[in-house]
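Worksheet for the structure shown next.
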Amino acid sequence: AADVRLEDLRVEYGSTTALDGVDLHVEPGEFFTLVGPSGCGKTTTLRAVAGFESPTGGSVAIGGEPMRGVPPEARGVGVVFQNYALFPHMTVAENVGYGLRFADPPGGASREERVAELLDLVDLPGFGERDPSTLSGGQRQRVSLARALAPGPRLLLLDEPMSALDARLRERLRVQVREIQRELAITTVYVTHDQEEALAVSDRVAVMNDGGVEQVGAPRDVYRQP
Ligand code: ADP
Ligand code: ADP
């Protein structure tokens, strides 16, 4: 598993400062959550780690390697966004296989074997020929997770992947995601505005506010009453 190190990370959009010097270290294999109110910079942080955003200052390193100039597809990062939908004209298997467009399946598996393995992992065995429109919201997000994991990334980035689901489904998916993360021991950075969710799933949390990190620690320490 890879670690992630952000040093004095800055992102500006015109005159808006989205990130005002973020320092964070995510340990290998850790489930690390960025929590905070809307607009505090959580998504921008994740996009900068993924390489979708060019920082105006500071640095991102994954597994000890500086990421400046490294394109998203070469970072070894899997991403699930709230609104990064499945392709409706492709089957579930084709959607998962799309995750392999930049990389061969790990471990010498064929594409078909890899897709079947991933559908088992996300507890959707036999769903390969289904049309995404026939799946529930939670099932679709698990297919998105399988797609993100297909190339065997060293880092998983999850941006509010549950926010479109109702409370009961959200809790179930959260447990499933955590089990998969533990099984793979993959370093994971998770974004949510929901404190309860952050408490329930995280090894550690970073509380963000107004483009910066206010506090980092185990959930019980961060949320202890003053
Ligand atoms: P969060 O994920 O915590 O809700 P964001 O990272 O999306 O916060 O946004 C941080 C700040 O950057 C906000 O002030 C937001 O309005 C601004 N911002 C985000 N994306 C853009 C963009 N593409 N153009 C201009 N401003 C943006
Ligand atoms: P766009 O190409 O939409 O302007 P960027 O330039 O920010 O977006 O992103 C560069 C590449 O990263 C794009 O080719 C796109 O495939 C990928 N990408 C961007 N945003 C996302 C996202 N939210 N989820 C997954 N992939 C993304």
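All values below come from the heavy atoms of this structure, side chains included, with hydrogens, waters and symmetry mates left out. Each ligand, and each atom within it, is numbered from 1 in the order the structure gives.
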* Asked: Does P66 have any side-chain contact (heavy atoms from CB on, under 4.5 Å) partners at least two apart in sequence or in another chain, and if so, which?
  -> none

* pair V11-T17: side-chain heavy atoms closer than 4.5 Å -> no

* Residues two or more places apart in sequence or in another chain: which of them pass ring-ring contact (aromatic ring centres under 6.0 Å, His included) with F31? -> Y190

* **Heavy-atom side-chain proximity of L100 to R114 below 4.5 angstrom** => yes

* With sequence neighbours excluded, residues passing side-chain contact (heavy atoms from CB on, under 4.5 Å) with R182 -> R178

Between ligand 1 and the protein, which N/O pairs fall short of 3.5 Å?
unit_1, atom_1, unit_2, atom_2, d
ligand 1, 2 (O), T43, N, 2.8
ligand 1, 2 (O), T43, OG1, 2.9
ligand 1, 3 (O), C40, N, 3.1
ligand 1, 3 (O), G41, N, 3.0
ligand 1, 3 (O), K42, N, 3.0
ligand 1, 3 (O), K42, NZ, 2.9
ligand 1, 4 (O), G39, N, 2.7
ligand 1, 6 (O), T44, N, 2.9
ligand 1, 6 (O), T44, OG1, 2.5
ligand 1, 8 (O), G41, N, 3.1

* Asked: Are L34 and V189 side-chain neighbours, meaning at least one heavy-atom pair lies under 4.5 Å?
  -> yes

